[in-house]
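Working notes, structure below.
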Amino acid sequence: MSDVILSGRGLTKRFGGLVAVREVDIDVPRGEIFGLIGPNGAGKSTLFRLVAGIMAPSAGTVMFDGHPLTKKSPAAICVDGVVATHQIVRPFRTMSVLDNVTIGAFFGRRPQPKGREHARAIATEVLERCGIADRAQKPARELNLAGQKRLEIARALATDPKVILLDEVLAGLNPTETDRTLDLIRSIRAGGTTIVMVEHNLRAVRGLCSHLMVLVEGRKVAEGLPDAVLADPTVIAAYLGTSVHA
Amino acid sequence: MSYGLALIYGVLKVINLANAGFLMLGAYVTWWMWSTWHVEPLLAPLVIVPLFFGVGFLIEKFLVRRVLGQEPIVSLLLLFGLWLVLQNLAYTLFTGDTRSIETPFIDSSVHLGPIQIAWPRIYVFVAGVLALVALQTLLTRTQLGRAIRAVAQDRDAAKITGIDVDRVMGIAFGLGIALTGFAGSLLSLLFSFNPDFGRTLLLKSFCIIVLGGLDSFVGVAFGALALALAEAFGVRYMAASLQNLISFVVLVVVLVAFPKGIAGMIRSLRRA
Amino acid sequence: MRKPIVFAAILFAAIAFPFVAPGAEYAIDVVFLILLYGTMSAGWNIVGGFAGQVSFGHAAFLGIGAYTTGILAQHSVPLPVAFLVSGSLAAIFSLLIGIPCFRLTGPYFSIATIGIGEATRLIALNWNGLTGGASGITLSVTLPIVTQYFLALGLCAVVVLATIWIQRSRFGFALAAVRADPDAAETLGVNTTIAKTQALFVSAFILGCAGSIYALHYLFISPDSVFGFSTAIALVIMPIIGGLGTVTGPLIGAVIYTAIREQLEANFQNLDLLAFGLLLMAIVLYEPKGVLGAYQRFANRKKRVASTPAAAPR
């Protein structure tokens with residue numbers, strides 16, 4: 001792996017007696033779409049939060065572009081260029097869609113925008129990229145789920161990230177909405193941003209990601225090119241084993 | 001009173017500032033029945049507990065429920081308003097004069113070896129412990145108690161399993177208010193009071209709850225003990241008038257140092 | 001753009017008022033009180049409204065400002081100096097309590113502020129050497145009511161301009177994000193702790209200055225008057241009546257509050273707080289955006305009726 005933008009070493013997270021993530025090493029190559037998959041309760045979302053700096057690991061370190069992220073505040077991490085979306089959408093409900101994105105533009109970027117109008121302009125541009133510019137003036141709570149998920153992505157994009165982490169942005173979308181979101185993700189990558197995504201939809205992941213990692217019961221069980229990983233017997237076993245209960 | 005607060009918070013996730021008002025009312029109802037009808041103050045809880053339960057149930061139904069889905073601060077303000085109403089209603093009805101209850105029993109005391117203990121203190125202590133045991137039994141042994149605890153843990157999941165969540169929340173709120181009224185009635189035997197009676201105690205019981213963790217009942221008892229000790233020791237080193245300050249200082253220090261309360265801290269230590 | 005004109009007109013009317021109403025001491029006094037309470041209310045609103053952190057402890061800042069002026073005046077410190085020192089001390093104190101208390105969120109923060117307010121009152125009550133304890137401080141300086149009036153007007157205008165600026169600035173966006181969802185704000189690069197601390201700092205400075213004016217007006221301060229619970233309540237109630245997180249709401253709230261209090265306090269003791277409790281409950285239940293919200297809804301309805309049905313829905 002020639003150029004790693006985001007990496008974790010020995011990441012472990014314990015919740016009381018439960019070990020959600022156990023000594024996982026992760027290396028995200030620059031400019032790629034990195035998929036993180038696994039059955040329910042495998043610790044995907046926990047690992048995601050550790051890597052995004054939202055949650056502090058019980059052990060291990062996260063490095064971004066050669067600098068440690070562990071112990072920095074989420075706000076500082078965002079300004080550095082690592083931003084995450086929330087699995088359960090969390091828009092600023094009473095604010096307009098535009099204002100939601102403006103906050104990302106105002107606070108997450110370096111250099112800072114020169115003023116309110118500048119931040120607004122950046123936000124409008126991002127809304128157009130994400131295809132929700134027509135709803136810019138609506139209060140965020142009036143968007144449907146697909147719209148709110150897009151807004152999550154738009155807010156994150158407005159912070160001008162080097163790495164964007166997407167937590168199940170496809171969950172709950174119908175096929176048309178899914179396709180549009182996949183296009184958006186491809187265009188984000190084309191813009192030079194590295195993407196890490198946690199996903200349940202294996203078909204989408206196979207077509208989209210350039211690199212996959214599989215987590216089962218908090219451990220890494222497979223990693224590599226999507227086709228190879230998804231053909232791995234341990235991965236198939238893990239999925240079949242749990243999908244019966246799911 | 002702390003238990004009333006903890007119960008309401010645990011189940012409804014609502015912080016009830018109006019509790020100070022109900023505590024004060026508990027004391028006043030006891031006093032009023034004693035002075036007008038000569039009802040023995042020790043028996044007042046027999047009236048107060050069901051009465052306050054009913055009032056609490058209705059308040060939950062008609063006021064609190066309407067703001068439950070909103071930000072926590074909304075219900076906080078609503079109950080703050082209710083407290084203002086109760087407090088100043090009491091000023092209007094009972095005037096601001098300080099009241100106290102005096103019966104032969106209240107003035108009596110018992111000698112236990114070298115120490116002299118007032119009977120009412122013993123009575124209040126025993127009644128408090130009994131109430132605690134009764135509450136604990138209710139919560140752990142009965143169907144209703146299990147429902148209350150289920151709602152406290154996860155309202156939606158409780159609804160799915162067929163619990164009438166609205167009714168349970170009403171009952172829990174009623175119980176909380178009833179306990180508070182009971183506490184007020186007991187305290188009226190020990191202290192003199194005025195309509196502002198509940199305020200300092202409200203802060204103290206917040207302090208106790210925060211010490212113990214907002215939804216742990218054993219923690220609350222533990223918190224009460226810790227605060228009592230802190231005050232007792234504090235008084236040795238500073239003026240008695242600063243006694244109340246201690247609980248606020250403890251409150252702020254604990255809120256800041258252990259946001260999950262001491263019980264929460266111990267729990268997380270045990271797990272780690 | 002009618003708003004600046006309206007503001008200018010009101011400001012002009014307020015400046016002209018003492019000159020057209022000479023000798024009307026009572027009227028000037030009432031408007032002065034409205035201005036003072038409006039300032040306090042708008043100051044509280046920066047933290048409670050814009051940042052959404054409801055504080056029951058703001059009387060502490062008012063009290064610190066009032067006592068600072070009282071004590072400095074006793075030592076013949078020039079009043080302009082005392083005024084600024086009052087605001088500054090309150091602001092510095094806000095850092096002391098803000099840094100620990102803002103580790104708490106929402107209702108926990110509110111509870112902690114009740115403790116802060118009560119603790120400062122008890123300290124003022126017991127630190128006899130400095131504060132005169134329960135007997136308070138009597139000031140021997142006298143400022144003409146017109147001077148007080150312009151002092152309050154000036155401070156009030158500064159606060160209104162500051163809130164307008166906040167509403168439009170990057171800082172205002174940060175506070176709005178904090179109010180809406182602190183965790184989401186944090187992941188988008190908003191340093192929520194710094195934003196809240198800055199808001200409290202500004203707010204405390206304003207209340208400290210207001211406290212200074214308070215001391216110069218009443219010439220007597222005691223722990224129960226400035227640090228008292230009813231002061232703390234007034235600070236919370238006024239902006240809520242008027243409309244949280246708005247520029248004019250807290251001022252409207254101050255007008256209503258002063259009017260009700262002047263009426264009730266004179267005639268029925270304690271009924272004022274009873275009325276405010278009921279009002280608070282009614283607003284929280286039926287009109288969370290306060291009088292201003294009710295007005296806007298009313299205005300919108302009128303507008304909708306006036307426009308043609310085809311153009312109405314957007």
Side-chain angles (χ1 to χ4, degrees), chain A residues 49 52-55 72-86 88-96 98-110 112-120 123 137-141 151-152 154-161 164-165 167, chain C residues 1 48-53 99 102-106 162-199 243-247 249 284 287-290 292-293 296-297 300 312-314:
Chain A
R49 286 193 198 126
I54 299 170
M55 191 185 267
K72 274 193 172 184
S73 77
I77 290 172
C78 173
V79 175
D80 281 355
V82 179
V83 67
T85 65
H86 303 269
I88 298 159
V89 290
R90 291 181 81 160
F92 303 120
R93 292 168 49 81
T94 49
M95 287 188 213
S96 73
L98 180 63
D99 280 352
N100 262 272
V101 181
T102 305
I103 285 175
F106 235 147
F107 295 93
R109 301 172 82 92
R110 193 180 282 159
Q112 277 178 21
K114 287 175 207 74
R116 189 163 61 135
E117 295 317 314
H118 187 195
R120 279 254 158 84
Q137 299 305 330
K138 275 194 171 181
R141 62 163 182 269
L151 176 56
E152 278 279 338
R155 275 199 318 197
L157 274 185
T159 66
D160 193 22
I164 181 167
L165 297 103
D167 197 352
Chain C
M1 283 289 96
F50 286 111
Q53 309 292 313
I99 289 167
F102 278 137
R103 292 183 55 187
L104 311 167
T105 51
T163 25
I164 293 173
W165 174 80
I166 285 174
Q167 217 178 21
R168 299 178 173 193
S169 67
R170 185 171 184 266
F171 181 46
F173 270 99
L175 296 185
V178 168
R179 180 179 55 191
D181 187 336
D183 295 336
E186 188 79 24
T187 54
L188 291 175
V190 182
N191 189 324
T192 52
T193 314
I194 288 183
K196 287 190 285 190
T197 312
Q198 284 170 337
L244 279 179
T246 58
V247 175
V284 169
E287 195 56 68
K289 284 178 183 159
L292 210 61
Q296 270 161 1
R297 230 179 24 196
N300 283 346
R314 202 158 57 98

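Since this is a predicted model, take the numbers as computed values, not measurements. In the text below, chain A, chain B and the rest are named by the order of the sequence lines, each starting its count at 1.
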Pro91(A), Ser73(A), Pro74(A): which one forms the most heavy-atom pairs within less than 4.5 Å of chain C?
Pro74(A)
Sidechain-backbone polar pair: [X] side chain, [Y] backbone, donor-acceptor under 3.5 Å:
{"X": "Glu152(A)", "Y": "Arg90(A)", "answer": "yes"}
{"X": "Arg179(C)", "Y": "Gly49(C)", "answer": "yes"}
{"X": "Arg155(A)", "Y": "Ile103(A)", "answer": "no"}

[X] versus chain C, the contacting section by heavy-atom distance below 4.5 Å:
{"X": "Thr85(A)", "answer": "neither"}
{"X": "Gln112(A)", "answer": "side chain"}
{"X": "Arg116(A)", "answer": "side chain"}
{"X": "Thr94(A)", "answer": "neither"}

As an exercise: rank Ala174(C), Ser169(C), Ala185(C), Ala177(C) by heavy-atom pairs under 4.5 Å with chain A and give me the winner.
Ala177(C)
Under 4.5 Å, counting heavy-atom pairs only, tell me which of Thr193(C), Asn191(C), Thr187(C) racks up the most with chain A.
Thr187(C)
Could you grab the distance from atom CD1 of Ile54(A) to atom CD1 of Ile77(A), nearest 0.5 Å is fine?
8.5 Å
Does the pair Leu188(C) and Phe92(A) meet the rule for a side-chain contact (heavy atoms from CB on, under 4.5 Å), with working shown?
CA-CA 12 Å; Leu188(C) 291 175; Phe92(A) 303 120; 4.1 Å; yes
Arg170(C), CZ atom: more than 12 neighbouring heavy atoms under 6.0 Å
yes
